[in-house]
Amino acid sequence: MKIKESLSGLTKKEKLVANYILQFPQDVPKMSIYELAVASGTSPSAVVRLCKSLGYDGYKEFCRLLTADVSASRKDDIVYEDVRPGDSLSSIAKSVAMSNIRAIESSLQILDEAQLEQAVDAISEADRVDFYGVGTSCLVAMDAHSKFLRISKNSNASEDPHVQVLSAATLKKGDVAVIISYSGETRDILVIADIIKKTSATVIAVTKYGKNSLSTLADINLCTYSTENLIRSGAMSSRISQFTIIDILYTAVASNNYSKVKPHLDKSLFAAGRLRSSK
């Protein structure tokens, strides 16, 4: 999974090694570095660089975890398939649900707990936390904004790109900006990130695993996984995994500061109850 998500950010030789591993995952753990280098048409140094790029100490650790991953895949009796034209309604429902489940499970596997802890601490201590996203990611940003309002966290989010720019420019050191973009290459989002970096606010990126322009700019990276392809190419599972990361952040911040936020939670619950009763 990490290899697939990192492909776009790898060097040419690293991609050759990565593609060979993806094609023959069961054989690679039995091979030496030299054997893998020869088989993939590269060099031992390219193999080592790939392992480092994926965040592993070396080839031995990579092979150990690859073996475990292959073994776990064999035990998985749920088949995740893309929706094909002409599929039955039952098949479509199962494929969409299973793909969303996989996106959440896979995002949890690649989520760096140390980075998550830093993000929770930064948001907890921040005077203000803003959320940014465009397109589908904007829906996630707006959801995050509404959640943090419940615990009285000074927060902003907007669908208007001009308002986003103005909001970004008014951030300061000690504030936090959560920038949501699966690809990490959306031009408007990178403009926002560049503006925020100049304010010295902390940048938390919710983006795909591996190197991309947004992750390079960010202080903290929370990675997500997507199963998008063919018909399901409308940012469906990536959106689900982004919502999950936001839910984790919100719940962790509220839990860590429960005595402080409880009165605000009670007030928001009471207000919601009054709204329902008025209808």
Side-chain angles (χ1 to χ4, degrees), residues 100 103 107 119-120 122-208 212-226 228 232-254 261 264-265 267-268 271-272 275 279:
N100 286 345
S107 293
V120 171
I123 294 173
S124 297
E125 297 169 7
D127 294 326
R128 171 180 157 194
V129 53
D130 287 2
F131 299 90
Y132 299 89
V134 298
T136 303
S137 295
C138 184
L139 299 176
V140 181
M142 299 298 288
D143 176 72
H145 169 58
S146 66
K147 278 184 168 64
F148 280 90
L149 280 181
R150 295 175 191 169
I151 56 175
S152 195
K153 175 65 73 173
N154 184 14
S155 171
N156 290 300
S158 175
E159 299 178 44
D160 189 322
H162 299 291
V163 175
Q164 288 186 1
V165 169
L166 291 173
S167 180
T170 60
L171 288 165
K172 64 183 186 305
K173 187 174 182 179
D175 293 335
V176 170
V178 180
I179 306 180
I180 305 161
S181 171
Y182 180 72
S183 70
E185 300 294 345
T186 306
R187 186 180 64 83
D188 290 348
I189 278 297
L190 295 178
V191 169
I192 292 292
D194 190 54
I195 292 171
I196 295 171
K197 288 298 289 184
K198 292 181 173 67
T199 69
S200 298
T202 299
V203 176
I204 300 174
V206 179
T207 186
K208 70 176 183 177
N212 56 60
S213 298
L214 178 58
S215 67
T216 302
L217 288 168
D219 301 296
I220 301 169
N221 283 295
L222 303 177
C223 300
T224 61
Y225 180 79
S226 172
E228 247 68 84
R232 285 177 49 82
S233 60
M236 294 168 67
S237 66
S238 61
R239 180 198 62 207
I240 293 297
S241 59
Q242 289 169 349
F243 274 125
T244 301
I245 295 296
I246 293 299
D247 286 349
I248 292 171
L249 284 175
Y250 166 74
T251 306
V253 170
V261 306
H264 303 297
L265 286 170
K267 286 181 182 178
S268 63
L275 184 63
K279 294 179 179 180

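Please read all numbers here as calculations on a predicted model, not as lab measurements.
- Gln164 places a side-chain N or O within donor-acceptor distance of the main-chain N or O of Ser158, the cut-off being under 3.5 Å.
- One N or O on the side chain of Asp130 and one on the backbone of Asn156 form a donor-acceptor pair closer than 3.5 Å.
- Between Ser181 and Ile189, the shortest heavy-atom contact is CB-CG2, 4.1 Å.
- In this view, Thr207 and Ala205, Asn212, Leu214, Ser215, Asn221 satisfy the side-chain contact (heavy atoms from CB on, under 4.5 Å) rule, not counting sequence neighbours.
- At least one donor-acceptor pair closer than 3.5 Å links the side chain of Thr251 to the backbone N or O of Asp247.
- Taking CD1 of Ile195 as the start and CG of Leu190 as the end, the distance is 11.5 Å to the nearest 0.5 Å.
- Partner of Ile180 under the side-chain contact (heavy atoms from CB on, under 4.5 Å) criterion, chosen from Leu222, Thr136, Ile246: Ile246.
- Counting only distance, with no hydrogens or angles, the side chain of Asp219 and the backbone of Val203 share a donor-acceptor pair below 3.5 Å.
- Nearest heavy-atom pair across Tyr182 and Ser137 is N-OG, 4.4 Å.
- The pair Lys197-Asp194 fails the salt-bridge criterion, with no side-chain N (NZ, NE, NH1 or NH2) lying under 4.0 Å from an Asp/Glu carboxylate O.
- The shortest non-hydrogen separation linking His145 to Ser155 is ND1-OG, 3.0 Å.
- Considering only heavy atoms from C-beta on, Thr202 stays 4.5 Å or farther from Glu125 through its side chain.
- Contacts of Tyr132 classified as ring-ring contact (aromatic ring centres under 6.0 Å, His included), with partners at least two apart in sequence or in another chain: none.
- In this structure, the side chain of Lys153 engages the main chain of Ala126 through a donor-acceptor pair within 3.5 Å.
- Just one of Ile220, Thr224, Thr244, Val140 meets the side-chain contact (heavy atoms from CB on, under 4.5 Å) condition when paired with Val206; it is Thr224.
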